[in-house]
Amino acid sequence: MKQIWLIFLKDIQQEFKTRYAINAIMLFAIVTLSAVSFSIGAYTATTRVLAALFWIILFFSSMSGLSHIFIREEETQTADTLKLVARPSSIYLGKFFFNLILLILLEVILIPLFIAIMNFKVVSFQIFLLTMFIGNFGLAGGGTMVAAIISKASTKGALFTVLSFPILLPVLISGISATRKAAESVKLMDAQNELQALLAYGVIIIVASILLFDFVWNE
Amino acid sequence: MSKLWKIILYIGLSLIIIGAFVWAPLEPKILKEYTRIFYFHVPVAWICVLFFLIAAYYSFQFLRTKDLLYDAYAKISNELGILFAILATVTGSIWAKVTWGSFWNWDPRETSIFILLLIYGAYFSLRSAVEQEDRRARLAAVYSLLAFVTVPFFVFVVPRIYFSLHPDPVINTQGKIHLELRQRVVFFSSLIFHTVLYLWLFQMRKTQVKLQMILRLYKENKMLEE
C-alpha cells in the first residue's frame, strides 16, 4: 500500500518537473475540440452525435498522454531500478492512479468547454458524472496496461492507439450510450445497464491487468 | 493418418455442399433461396471463435511454462482465426445484404466480429513491433489474454444496449433450433465437418511449426559445435 503511494508521488513529482503528459493531453483535447467545433459550425448536432463526439475527443486525447508513464521509465532507463525496489502489482497500481488523476484533470477541463462550445445540454448530471467517474477506471486501467506492453516494443506512438482501441471499446460503447441518456432523461435507472457494464469492465480489466502485469514487467 | 482425414474431409465437405444446395429444403417464408448460406456461415463463425479460444488457451500455457512452442501454437491459431474471421464476415455480409438490405449495419454480432478482426490485427502488429523472440512471445500472450477478458462484453453487454437484427426466426432466444429434419442433418453435419476441417488444419500447422523448431535447434547445435 505504501509502495503504491510512493510510486504515485514519484510520478506526480516527475510530472511537475516536465509537465509533458499533462500538456500533451490538454492541448490535444483543446485542438480536437476546436477542430470538431469549427467543422460543425453553427449547426446544432443531436445529442446522439454530441455524445459520440465527446467520447471520441476524450478517447483520443487520453491516448496521447496515457502511454507516457511507462515510456518515460524506458527512455530514462529507470525501469530496472524500479524493478528492484517495488513489487509489480504496486507499480501497476501506482501508475494506474497517476493516469486516473490525469484523466480526471482532463475531464475537469474538457467537460465545461464541451458543454459551452458544443451547446451540449445535460439533463441529468448525476448520470453524466457517474458515467465519467466509473468510465475513468476502465480507461485508466486498460490504458495503463497497454502502455506497459507498448513501452517494451520498438515502435511506440501509433501502436498504442491500435492496441488500446479493441480493449477499450466496451468503455466507449457503454460510455456513449450512457452519455446520450444523461442528455435525454433524468432517471438514474435508465442508464443502469450501461453503468453496470462500465463498472464490471473496470473491475475485470484492473484485476486481469494486475495478474498479467508481472509477465510484462519482469524479464 | 493425416491422409485418411484428408479423404474423409474431402468426401464429407463435398456431400455437405451437395446437401446444402440440392437435398435440404428451403425455408419458405423469409429466407427462401438464401437459406443455403446458413450451412456455411454459422460453422465458419463457430470455427473463428474456436480459434480465438484456443489461442487464449495456448497464450495462457505459454505464460505458465515459458515454452516457445506454445507461443508458436498461439500464433498459428490466430493466423487461422483471422482467415476464418474474414470468411465469416464476408459470408455474413452477403447474407445481410440479401435479407436486411445492406452489407453492413453495426448489428451487435457484426460489431463483435469486427472487434475480433481488430484484435487479430492489433495482435500481429504488436508481434511485428518487437524483435526479441521471448519478449515478443510474452507481450503477445499478455495481449491475447487481455483481449480475451473483454470478449464477454461484446457477447453479453453490447446486445443489451443495442438492438439486434440477427436471426431469431431460425435460432431463437431459448437456444432451440427450428429446423426440418433434412435441414438439421445438413446443418449439424456441416458443423461437425467444419470442426474436423479445423482440427486437421490446426494439426497440420502444429506439426509444421514443431518441425521448424527442431530444425532450428539442430542448426544452432551444429553451429555451436563448429
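In what follows, every chain begins at residue 1, and chains take the letters A, B, ... in the order their sequences are listed. Scope of the values below: all heavy atoms of this structure, side chains included, with no hydrogens, waters or symmetry mates.
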From A:Ile150 atom CD1 to B:Leu126 atom CG, the distance as rounded to the nearest 0.5 Å: 6.5 Å
Test item: A:Tyr201 and B:Thr150 side chains (from C-beta on) under 4.5 Å apart, heavy atoms: yes
Contacting moiety of A:Ala148, where chain B heavy atoms sit under 4.5 Å: neither
Largest heavy-atom contact set with chain A, pairs under 4.5 Å, which of B:Ala129, B:Ala122, B:Ala141, B:Ala147: B:Ala129
Salt bridge (Lys or Arg N to Asp or Glu O under 4.0 Å) partners for B:Arg135, two or more places apart: A:Glu219
B:Tyr143 (side chain) donor-acceptor with A:Ile149 (main chain) under 3.5 angstrom: no
Exceeds 12 heavy-atom contacts within 6.0 angstrom, atom OH of B:Tyr57: no
Residues of residues 197-207 of chain B contacting chain A, heavy-atom criterion under 4.5 Å, by residue number: none
Spacing of A:Lys152 atom NZ and B:Arg138 atom CZ [to the nearest 0.5 Å]: 7.0 Å
Atom CD of B:Glu131 with >12 non-hydrogen neighbours under 6.0 angstrom: no
Contact winner vs chain B - A:Val162, A:Leu168, A:Val146, heavy-atom pairs under 4.5 Å: A:Val162
Selection from B:Ile119, B:Leu139, B:Leu118 maximising heavy-atom pairs under 4.5 Å formed with chain A: B:Leu139
Distance (rounded to the nearest 0.5 Å) between B:Ser144 OG and A:Leu212 CG: 10.5 Å
Over all atoms of both residues, closest heavy-atom pair of B:Ser125 and A:Leu159: OG-CD1, 3.8 Å
Which portion of A:Phe213 sits near chain B, non-hydrogen atoms under 4.5 angstrom: neither
Residues B:Leu146, A:Met145; criterion side-chain contact (heavy atoms from CB on, under 4.5 Å); working and verdict: CA-CA 9 Å; B:Leu146 203 63; A:Met145 186 60 190; 3.6 Å; yes
Closest contact, heavy atoms only, A:Phe215 versus B:Leu63: CE2-O, 3.4 Å
B:Phe148 atom CZ, over 12 foreign heavy atoms within 6.0 Å: no
Between CG on residue A:Leu169 and CD1 on residue B:Ile115, distance to nearest 0.5 Å: 4.0 Å
